Each structure stands twice: as C-alpha cells, then as structure tokens.
Amino acid sequence: MGTGKLSVNEIKIKNRQMIYQHIRSHGPVSKQDIVVALQLSLPTVTQNLEYLKEQGLIDDSQRIKNTGGRNATAYTYIKSFKKAIGVYISAHHMNVVALDLSGSVLGRMRKRVRFDLEDDGYLRDMGEEVKKIKKETGIKDEDLLGVGISVPGLVSKDGSYVTYGLTLGFTGKTRDEIAKYIPYKSRLFHDSYAAGHIVAWHNNKVRNAFYISLSNSIGGAIIMGNEICGGDDCKSGELGHMTVIPEGGERCYCGKYGCLDTVCKTEKLDGYTGGNLEEFFRRLKEGDDIAVKLWDEYLDNLSLAIHNMRIIFDVDIILGGYLGMYLGDYMDDLRERVDAKNPFGDKAEDYLYVSEYEGEECSAGAAIFFVEEFMDGI
Ligand SMILES: [Zn+2]
C-alpha cells in the first residue's frame with residue numbers, strides 16, 4: 001500500500017463495484033450502456049454481469065425497447081436482495097424502520113415510550129419491536145444485514161458504546177447492553193450523524209452540507225463529499241452546544257449556560273402545548289398570541305444558528321428532525337431572517353431547505369450504514 005497503485009485483484013473488485021453502482025443508479029441499462037459509461041472492455045463487463053447475476057444481485061429478465069434492431073437485455077439491481085433495520089430511541093419515543101437496498105421504507109413503527117435503559121422491560125420491548133417489524137416485512141434471517149440503533153448521544157467510532165449521553169444519562173452504555181434482546185448484528189449510532197447520513201445518501205446531489213436536527217435536543221452533522229465528517233473524536237457538528245446567549249442564558253442539560261439547545265429545542269414551542277408539537281402549530285395558525293411570540297423568538301434564534309453555519313462552512317444547510325415536517329409554511333420567513341444577517345449577499349433560498357427524506361431520518365440512517373457496508377463488500 002502507499003504506492004497508489006491497485007493490485008489486479010483490487011482493480012477487479014473496483015470494476016465489479018462500479019458496474020453494480022452504475023446499474024443501481026442508472027438502471028435499467030444495457031451492456032453497451034455500461035461499456036460506454038464506464039469505459040470498460042466488453043469482456044470485463046460481461047464477466048462481471050455474470051458474476052453479479054450468479055450472486056442474485058441483478059436481474060436480466062427484461063428487455064430495453066430499441067427503435068430498430070434487436071432489443072437489448074436490460075440490467076437492473078434487485079432491491080430486495082438484502083434488508084436492514086434501524087431503531088431510534090429518544091426521550092419519549094421508539095421508532096423502528098426496515099429498509100431495502102434502495103433505502104425505501106418497507107415497514108415502520110413509532111410509539112410513545114419513556115427512554116429507560118435501566119429497565120429490562122424497555123430493552124425487551126425494543127427487541128420485540130425489531131422482531132415484529134422483521135416478521136411483518138418478511139425479512140429472513142439470512143437477508144438481514146444488521147440492526148442500527150440511533151441514540152441521542154455521542155458514540156464511539158466503532159459503534160460499540162456511548163461516549164456522551166448526558167441528555168438522558170446513559171454515558172458509557174454499551175451496544176451489548178442496549179441491544180440485549182436484539183439477536184442480530186447491531187451497532188450504535190449518534191442520531192444526528194445517522195440523520196445526516198441518510199439525507200446525503202438519499203439525495204446524491206448533496207455533496208457538501210450542514211445538517212441541523214431540530215427535535216427535543218439540537219444536533220448537527222457535517223457532510224463533506226457526501227460523507228459524514230465526524231472530526232477527530234466523533235463529536236463535530238454539535239451546534240446545540242454553541243453559546244448563543246453569553247449572559248443570563250438558561251442552563252443546558254450539558255451543564256453550561258446559554259447553549260443553542262436551550263433556545264432551539266422543540267420544548268421551547270411544545271412546552272406551551274403540553275408536549276404536543278402539532279397542537280402548537282395549530283394554535284400558531286390560529287394566530288394565538290403566545291404561540292406567535294414563541295415562534296418569532298424561535299425563528300430568530302434558529303436563523304442565527306443557520307447563519308453561523310453558513311458563514312463557517314459555505315455549504316447547503318438542511319433542516320430536519322421532528323420540527324422539519326412543520327417548517328414548510330414558514331421557510332420564507334426563516335430565509336428572510338437568515339438573509340438579513342448575511343454580509344455576502346448569499347440568498348438562503350439557494351442553500352437552505354428542509355430534508356426531503358420522508359421522516360424517520362435517525363432510524364433509517366442507522367439502517368443505511370449496513371446497506372452501504374454491504375455495497376462496499378460486493
Ligand atoms: Zn449545552
């Protein structure tokens with residue numbers, strides 16, 4: 001290694017992966033399409049297509065309709081070849097999704113349950129929900145790549161333990177403890193990274209971005225070259241703990257004062273409506289004075305965070321988390337506030353948007369890790 005040259009075997013694997021990825025992103029394609037697009041020889045493409053078919057990874061039963069001559073074989077990838085499951089455990093909810101190789105959601109479950117890793121019943125419940133969704137979506141043991149578990153905290157690089165879980169007091173918990181009743185390969189993920197990961201994966205136009213998760217706590221993820229940039233110690237992007245109120249700010253769960261989390265957690269809004277975010281937005285639409293005032297303050301604080309991230313990274317800013325689904329009607333207002341702060345004349349409508357992924361970012365992002373790992377191993 002280190003010479004920059006690939007061995008014959010490495011080139012073989014790389015070609016195979018390139019062909020598979022090309023079929024995945026462009027299929028249905030003909031053999032000739034692949035030869036032209038990837039600049040590979042016909043024998044190389046033929047040999048790899050045979051291998052991929054033998055493995056059950058691609059399908060060649062269809063034909064591409066040509067205007068003249070013989071209809072060529074159409075190659076597509078088989079999305080259902082393998083599946084992965086993602087779990088997200090947060091303060092008041094548990095959410096489980098099953099995905100196929102395309103990242104499509106095959107099944108989902110979300111329920112209200114209080115986070116308590118000390119309670120064996122809670123752990124057992126998590127295991128039961130995983131088994132239930134596996135059964136409901138017809139995933140066989142041999143087709144399940146793994147179970148990713150997203151947690152609201154920082155996680156070690158290898159996904160084996162929680163390095164910082166002060167939000168819910170679970171620092172030091174290990175994967176084996178958390179996944180006690182999940183009898184499959186599993187791994188822990190920091191929820192914001194998982195969410196940022198699926199957003200980048202789902203939208204491959206996203207090369208560089210900063211993802212902001214707006215939920216009961218605030219998290220972030222730096223996406224560079226379509227990958228999460230975790231920093232030296234997997235704690236980059238933690239914008240929730242930027243000090244935004246230097247004097248007289250509220251105490252954050254981290255122990256410090258005036259963090260962004262204290263002014264942008266969704267509790268700032270749904271604290272007014274008994275923890276019901278939907279109800280908050282209903283009252284806001286009705287013009288309820290208190291809701292309007294809370295929302296105005298919230299948007300001001302959020303625009304500050306967005307502005308700062310834009311200034312530092314000069315990349316797209318993507319908003320997600322539970323708040324994401326309610327933001328649509330208010331994006332123009334938010335963009336105006338962000339624009340008012342920008343000295344370079346950047347227009348927020350060009351770089352600020354809500355995540356396109358239809359919900360469940362944290363759990364789906366944890367599952368997609370196994371899909372990517374599988375793709376890399378082809
Ligand atoms: Zn803090």
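Remember, it's 1-based here, ligands and their atoms both numbered in the order they're listed. Quick caveat, the model's predicted, so the values are computed rather than measured. The basis for the numbers below is simple: all heavy atoms, side chains too, and nothing from hydrogens, waters or symmetry mates.
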Before accepting this row, confirm whether a basic side-chain N of the pair Glu373/Arg187 lies closer than 4.0 Å to the acidic partner's carboxylate O.
no
For the rings on His241 and Tyr253, is their centre-to-centre separation under 6.0 Å?
yes
How many angstroms lie between CZ in Phe115 and CE in Met94, if you round to the nearest 0.5 Å?
9.5 Å
Relative to the ring of Phe189, is the ring of Phe370 parallel (under 30°), tilted (30 to 60°) or perpendicular (over 60°)?
perpendicular
How are the rings of Tyr298 and Trp295 set relative to one another: parallel (under 30°), tilted (30 to 60°) or perpendicular (over 60°)?
parallel
Over all heavy atoms of both residues, which pair between Asp346 and Asp339 is shortest? Give the atoms and the distance, please.
O-OD1, 3.3 Å
Protein-derived N, O or S atoms sitting under 2.8 Å away from the Zn ion (ligand 1) total 4
